[in-house]
Amino acid sequence: MRKKIVAGNWKMNTLPAEGVVLAEGVVAGRGEVCSCVNFIVCPPFTHLSEVAAALKGSDVELGAQNCAAEAKGAYTGEVAASMIAALGCKYVILGHSERRQYYGETSETLNKKMEQAYANGLTPIYCVGENLDEREAGKHFDVVKAQIEEVVYNLTAEQFADLVIAYEPVWAIGTGKTATAEQAQEIHAYIRKVLADKFGAAAAECPILYGGSCKPSNAAEIFAKEDVDGGLIGGAALKAEDFLAIGKGFEK
Ligand code: PEP
């Protein structure tokens, strides 16, 4: 049985006190959603400590949105994987399309970040996905395959057993456009096949999340697909009610 995961990527939103209120709202309503759903919240670095305190005693887990490629040292402005782990993070989002697009993250950098994550006991949520031009040119399969081969294929079997993948078509992120459940299933099944080509039967255990304008009204249909194991949620994760309602998509 693969883990069912609903992870919230808060991006660069909320002030610390607002983040605490949001986290408290998730904790307060969590009991209304199947305990089979693993909720993760990923606030900005600046809120991790306070949000960790707000989550204490609940099963809602904490993640960060990024980590440095190096362990420590003279890297002004960077935040090491060891630092976020020390604040209570269990997960780290790596390779988000906004990091690839605006901060020039390449597979080379991401290989180093993955190593840092594993060295510090963090589970990476590794994001893949094509942009609109690539989708329209029918290149989406090749794009995600390369993003997996260049990074995930470098993991050991032990590391791979502790990995979450998020498929996020760039054209669906924050645009209100969602992939259809059929489009999501088609590419999730393909991703699982690419993973199986390297890691064999272990690929059946890897959670693959869908991300891109996922909301309470479309989550159930997307999550019902065989190879979709939950969602990485942006905008709708900023309201506890909506975030929890997305988790309820697993009950329908
Ligand atoms: C994201 O950026 O991870 C995301 C899925 O955003 P949104 O849900 O807002 O499209």
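Because the structure is predicted, anything quoted here is derived from the model rather than measured. Every number for a ligand or one of its atoms is a count from 1 in the order of the listing.
Considering backbone and side-chain N/O atoms, Thr175 never comes within less than 3.5 Å of an N/O atom of ligand 1. Not one N or O of Ile233 is nearer than 3.5 Å to an N or O of ligand 1, by distance alone.
Nearest protein neighbour of atom 9 (O) of ligand 1, counting heavy atoms only, is Gly235 N, 2.9 Å.
Less than 4.0 angstrom separates some heavy atom of His96 from each of these atoms of ligand 1: 1 (C), 2 (O), 3 (O). Those atoms of ligand 1 that come under 4.0 Å of a heavy atom in Ala172, given as number and element, are 10 (O). Numbered from 1 in the order shown, with element, the atoms of ligand 1 that lie under 4.0 Å from a heavy atom of Gly174 read 7 (P), 9 (O), 10 (O). The ligand atoms of ligand 1 that sit less than 4.0 angstrom from a heavy atom of Gly212 are 5 (C), 10 (O).
Not a single donor-acceptor pair under 3.5 Å links the side chain of Ser97 to the backbone N or O of Val170.
No more than 12 heavy atoms of other residues, nucleotides or ligands lie within 6.0 Å of CD in Glu241, so this atom counts as exposed by the packing criterion.
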Between Phe39 and Phe243, does the ring pair (Phe, Tyr, Trp, His ring centres under 6.0 Å) criterion hold? Intermediate values first, please.
CA-CA 9 Å; Phe39 282 107; Phe243 186 56; 5.4 Å; yes
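Contacts between Asn9 and ligand 1, counted as non-hydrogen atom pairs separated by less than 4.0 Å, involve the side chain only.
When Pro169, Gly234, Ala236, Ala237 are checked for heavy-atom proximity to atom 7 (P) of ligand 1, Gly234 turns out nearest. Taking each of Glu168, Gln65, Lys11 in turn, the one with a heavy atom nearest to atom 2 (O) of ligand 1 proves to be Lys11.
Contact check on Glu105 versus Lys113 returns a salt bridge, with a Lys/Arg side-chain nitrogen under 4.0 Å from an Asp/Glu carboxylate oxygen. Lys112 and Glu70 are joined by a salt bridge, as a carboxylate oxygen and a charged side-chain nitrogen come within less than 4.0 angstrom of each other.
Following chains of ILVMFWY side-chain contacts shorter than 4.5 Å, one can reach Leu55 starting from Val6, so the two form part of one hydrophobic cluster.
Partners of Tyr91 according to the ring-ring contact (aromatic ring centres under 6.0 Å, His included) rule, which considers only residues two or more places apart in sequence or in another chain, do not exist here.
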